[in-house]
Amino acid sequence: MNQNQEKPMEGHEYDGIQEFDNPLPGWWLLTFFGTIIFSFLYYLHYEVASGPNQEEQLKKSLAAIESLKKGGPALDDEKLLALFQSSSPDKGKSIYAAKCAACHGAQGEGLIGPNLTDTHFIHGGSPLAMYNVISNGVLDKGMPPWKDQLSFDDSVAVTAFVYKLKGTFAANGRPPQGTPEKTQ
Amino acid sequence: MQQEIRYDDRIVRQFLIAMVLWAGVAFLVGIWVALQLANWKFNFDLEWFTFGRLRPLHTNAAIFAFAGNAIFAGIYYSTQRLLKTRMASDFLSQFHFWGWQLIIVAAALTLPLGITQSKEYAELEWPIDIAITIVWVVFGVNLFWTIARRREKHLYVAIWFYIATVITVALLHVVNSIEIPVGLFKSYPIWAGIQDALVQWWYGHNAVAFFLTTPFLGLMYYFMPKAAQRPVYSYRLSIVHFWALVFIYIWSGPHHLLNSAMPDWAQTLGMIFSLMLWAPSWGGMINGLLTLRGAWDKLRTDPVIKFLVGSVTFYGMSTFEGPILSIKSVNALAHFNDWIIAHVHGGALGWNGFLSFGMLYYLLPRLWNTQLYSKKLAEYHFWFGLLGILIYYISMWSAGITQGLMWMAINDQGQLIYPDFVETVNRIIPLYWVRVIGGTLYMIGFLIMVYNMIKTIQNRGTLEDEKAMVPTFVSLEPSPQESTHRRLEGLGTAFSVLVFIAVFVGSVISIYPVLNIHRYVPVTVSVEPYSPLELLGRDIYIKEGCYVCHSQMVRHLDFDVIRFGNPSKVEESMYDRPFQWGSKRTGPDLARVGKKYPDLWHYRHMINPRDIVTDSLMPSYPWLAEKKAEYDQLPKRLRVMKSLGVPYSEETVEKATEIARKDAQAIAQSLRDQGVTDDNLAEKEIIPLIAYLQALGHKVKGNPNVSLSK
């Protein structure tokens with residue numbers, strides 16, 4: 001750009017401010033028209049032609065996620081007990097402190113939720129029964145479901161921790177609820 | 001014939017000093033709220049000091065007090081010189097100044113007290129809204145009157161931008177603030193749910209456009225060529241980018257509501273108009289930077305130029321990032337987290353802040369008739385400021401993207417990898433500390449400026465209004481040789497009418513259809529209005545500013561749905577005045593929190609969240625268990641709601657207080673059964689709040705799968 005040839009516009013002077021009349025930069029115009037054309041096509045695709053709306057897109061991606069879930073291992077008491085052996089007790093303890101102590105008490109003595117240190121259970125004291133109630137919760141009674149909040153390993157770890165609390169009879173525990181577990 | 005006149009420089013000095021004072025407040029509160037997010041203890045467990053109440057104070061102070069006074073200073077200075085006439089009325093100028101400061105003081109008092117409408121950047125309650133309208137009209141009258149008395153036939157591009165500002169801000173403010181009072185300090189908007197959301201973000205987005213962009217562009221067009229002493233790069237570019245900006249900006253509001261319950265077509269409009277904004281915005285940047293051709297050496301020596309160039313560069317960055325963030329898939333990652341906070345501060349600290357500082361360094365010697373005390377200190381200010389912004393920006397960018405990716409992450413068994421929301425918050429706390437450092441550096445730069453300013457003013461010469469020789473008469477008759485646009489520049493009224501049409505068209509087309517949408521909620525869906533107790537709780541939720549940390553909008557995104565539950569639907573918020581969809585998730589979404597936990601959980605969690613969630617950063621709200629709820633206000637509130645179309649029976653309205661008290665007794669009793677021993681529990685604010693939280697997500701009966709999107 002040779003500035004010597006550039007002359008400010010005649011009659012354009014405001015408080016000493018002058019103006020050139022340079023053309024619009026080409027790349028700038030290209031960007032402007034580019035976004036306009038893209039926008040037009042985008043609108044046509046999604047709002048005039050039958051591009052998917054957000055509900056259809058959501059359904060599709062949820063279905064894809066659902067298909068991942070199938071085929072998880074079928075659990076029973078024995079498998080769970082084996083998994084308990086291999087899971088880290090510290091992890092179970094810290095998850096319990098962070099997620100469960102608020103309702104079941106720091107020692108498991110019971111607070112909003114029932115005492116977990118006695119031998120009475122509303123939903124059963126077997127590994128599988130505990131795992132299921134922790135995963136699925138009892139929404140009406142105020143026990144949240146944890147299956148979407150905890151990974152499989154974390155669920156196992158905290159179930160292992162709670163399973164070990166059974167029969168430890170913490171001090172100041174809430175009175176037992178549910179039915180006594182049959183001693184084997 | 002020439003005539004000697006004097007410009008009113010006193011008013012400019014007043015606005016400039018006010019700008020500096022309020023900037024200090026805005027920055028200080030900003031650093032404070034940043035500390036509160038880094039460590040909850042900075043909330044001090046004091047009700048008027050919690051994050052929920054201080055954060056709106058920070059945003060209002062930054063936008064309306066700091067940036068507001070900055071643009072008024074610049075507009076009053078440049079307008080008089082560009083139009084070759086003194087402001088039409090000194091009385092109106094002074095009225096504008098003192099009125100505006102009073103509004104700011106009112107905001108600074110009411111927001112910490114919890115007097116708020118909870119609509120972002122429009123939180124102030126109705127008496128202040130009216131005051132804003134009056135003061136704004138006074139400003140407008142003064143400006144247009146001055147334009148009418150001008151001694152310069154053509155309006156320079158800076159004035160175009162001022163005209164667009166005055167007209168559009170008036171339109172935005174009035175439409176967004178239509179509300180029905182229920183007492184001196186409380187009102188309900190006539191818009192509900194989706195209407196309110198759309199009107200609010202049409203306002204919110206265009207407050208950024210017409211309060212933080214167009215007036216600053218006008219200032220840029222004045223101070224850049226003045227400081228560089230070079231002609232503006234391209235008159236043609238000014239015309240094209242001005243009209244493109246004014247026309248396109250107004251449509252982009254829905255980009256704040258992407259993937260939400262907003263109908264698809266409105267989201268699409270919001271996204272594509274945002275994309276189309278990129279080039280028009282950059283038009284301003286190009287015109288500013290290329291004006292410096294032949295004067296780049298000044299960048300090294302002149303602090304004014306340094307700040308202006310920094311400012312325009314940040315403008316370019318923000319206006320590139322904005323369109324990117326409006327792309328639906330990018331928005332899915334960025335929305336509700338700190339990427340948006342980074343984006344805003346690039347604009348506010350970089351573009352608005354630096355431009356205001358550059359302007360201040362330009363005006364200081366001229367208005368106080370002296371030399372700038374120290375160029376060196378101004379240099380330090382620049383580098384501290386720049387470093388502060390970069391640290392702020394980079395830390396929040398990392399925080400946002402980190403958290404966004406954690407929210408999205410799903411493993412190969414279809415489960416969230418970070419299902420625990422708190423983990424995604426605590427991961428970024430170190431970055432919150434880094435942000436505090438960034439903000440502090442920026443503040444240090446600012447304090448250096450204040451020192452420099454005080455020293456400069458101490459050395460002032462005599463304070464006189466600047467003299468100018470202007471023609472006694474200028475014919476405003478259009479001449480036939482002029483091009484069409486040139487002719488328009490000589491026609492103030494026609495120009496203003498065209499600007500109004502440009503912003504009005506986009507507003508009507510993008511908003512009007514949504515205002516009717518509640519009518520199309522099918523009769524198979526019945527939405528129960530809030531019970532009186534729940535409504536009372538909702539008003540407490542608003543008062544405490546819970547919405548600054550919690551959204552109530554499960555988006556149509558798989559990871560949102562897995563984490564929080566079914567996507568939110570239009571009908572769910574159709575009686576929500578104001579809407580509470582939220583804009584930031586420092587805490588989890590609450591749209592589906594109802595009945596998720598027992599009442600006692602909420603009771604303990606509200607009083608001290610750390611009793612329940614060990615490492616929560618949510619503030620404690622102990623006063624909720626001490627302060628009495630305003631039960632006797634209820635009939636009045638329900639009456640207004642009923643008049644706005646909420647289906648309350650006459651009996652419910654009349655007996656609202658009793659009904660609410662009865663419901664409260666039941667909740668209080670169950671808490672007492674579980675060991676809560678507070679006296680007079682049912683009267684306390686915490687009970688209605690719990691009732692409201694437990695109602696969230698449980699108000700829609702009938703077929704929940706109804707779609708209104710197409």
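Letters A, B, ... are given to chains in the order of the sequence lines, protein chains preceding strands, and every chain is numbered from 1.
Here the NE2-OH distance, from A:H12 to B:Y235, works out to 4.5 Å after rounding to the nearest 0.5 Å. Rounding to the nearest 0.5 angstrom, the gap separating the CD1 atom in B:I612 from the SG atom in A:C103 is 6.0 Å. One finds the CD1 atom of B:I272 at 7.0 Å from the OH atom of A:Y43 (value rounded to the nearest 0.5 Å).
At a threshold of 4.5 Å between non-hydrogen side-chain atoms, the residues A:L68 and B:Q413 do not count as touching. Proximity of B:R555 to A:Q54: side-chain heavy atoms (C-beta onward) are nowhere separated by under 4.5 Å. Using a 4.5 Å cut-off on side-chain heavy atoms (C-beta onward), B:P231 and A:E19 make no contact. A 4.5 Å side-chain heavy-atom check between B:H556 and A:E55 finds at least one atom pair inside the cut-off. B:Y222 places a side-chain heavy atom less than 4.5 Å from the side chain of A:D15. The shortest distance between side-chain heavy atoms of B:H241 and A:F32 does not fall below 4.5 Å. By the 4.5 Å heavy-atom criterion applied to side chains, A:W27 and B:I286 are counted as neighbours. With contacts defined as side-chain heavy-atom distances shorter than 4.5 Å, the pair A:L150/B:P419 does not qualify.
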Exercise for the section: Check the pair B:Q674 / A:I112 against side chain to side chain contact (heavy atoms under 4.5 Å, CB included), numbers first and verdict last. Expected result: CA-CA 7 Å; B:Q674 292 176 285; A:I112 298 171; 4.2 Å; yes

Practice task
Dump the intermediate steps for side chain to side chain contact (heavy atoms under 4.5 Å, CB included) on A:N22 and B:L237, then the final yes or no.
Solution key: CA-CA 8 Å; A:N22 283 307; B:L237 185 56; over 6 Å; no

Problem - Derivation of the side chain to side chain contact (heavy atoms under 4.5 Å, CB included) call for B:M276 and A:F38 - result: CA-CA 9 Å; B:M276 290 189 280; A:F38 173 84; over 6 Å; no

Exercise for the section: Report the C-alpha separation of A:S39 and B:F273 in whole Å, then their side-chain angles, then the decisive distance to 0.1 Å, and conclude whether the side chain to side chain contact (heavy atoms under 4.5 Å, CB included) test is met. Expected result: CA-CA 8 Å; A:S39 298; B:F273 274 87; over 6 Å; no

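With a 4.5 Å cut-off on non-hydrogen atoms, A:A64 does not touch chain B at all. In this structure, chain B has no heavy atom under 4.5 Å from any part of A:F33. Proximity to chain B (any heavy atom under 4.5 Å) is shown, for A:L30, by neither the backbone nor the side chain. Looking at A:I17, the atoms closer than 4.5 Å to chain B (heavy atoms on both sides) all sit in the side chain, from C-beta outward. Heavy-atom distances place both the backbone and the side chain of A:P23 under 4.5 Å from chain B. Of the two parts of B:P280, the backbone and the side chain both hold a non-hydrogen atom closer than 4.5 Å to a non-hydrogen atom of chain A. The part of B:L416 that comes within reach of chain A is its side chain, from C-beta onward, which places non-hydrogen atoms under 4.5 angstrom from that chain.
Shown here is A:N172, whose CG atom has no more than 12 heavy atoms of other residues, nucleotides or ligands within 6.0 Å. Summarising the local packing, NZ of A:K166 is surrounded by more than 12 heavy atoms from other residues, nucleotides or ligands at distances under 6.0 Å.
Aromatic ring orientation, B:Y156 versus A:Y14: tilted (interplanar angle from 30° to 60°).
Side-chain N or O atoms of B:R236 include none that pairs as donor or acceptor with a backbone N or O of A:F20 at under 3.5 Å. The main-chain N or O of A:W28 is never found under 3.5 Å from a side-chain atom of B:W282 such that the two would form a donor-acceptor pair.
Chain B forms the most heavy-atom pairs under 4.5 Å with one residue out of A:D154, A:I36, A:D140, and that residue is A:I36. If you tally non-hydrogen atom pairs under 4.5 Å between each of A:L111, A:L58, A:L62 and chain B, the highest count goes to A:L58.
Taking a cutoff of 4.0 Å between a charged side-chain nitrogen and a carboxylate oxygen, A:K99 and B:D420 qualify as a salt bridge. The residues B:R293 and A:E6 are annotated as salt-bridged, a charged nitrogen and a carboxylate oxygen being separated by less than 4.0 angstrom.
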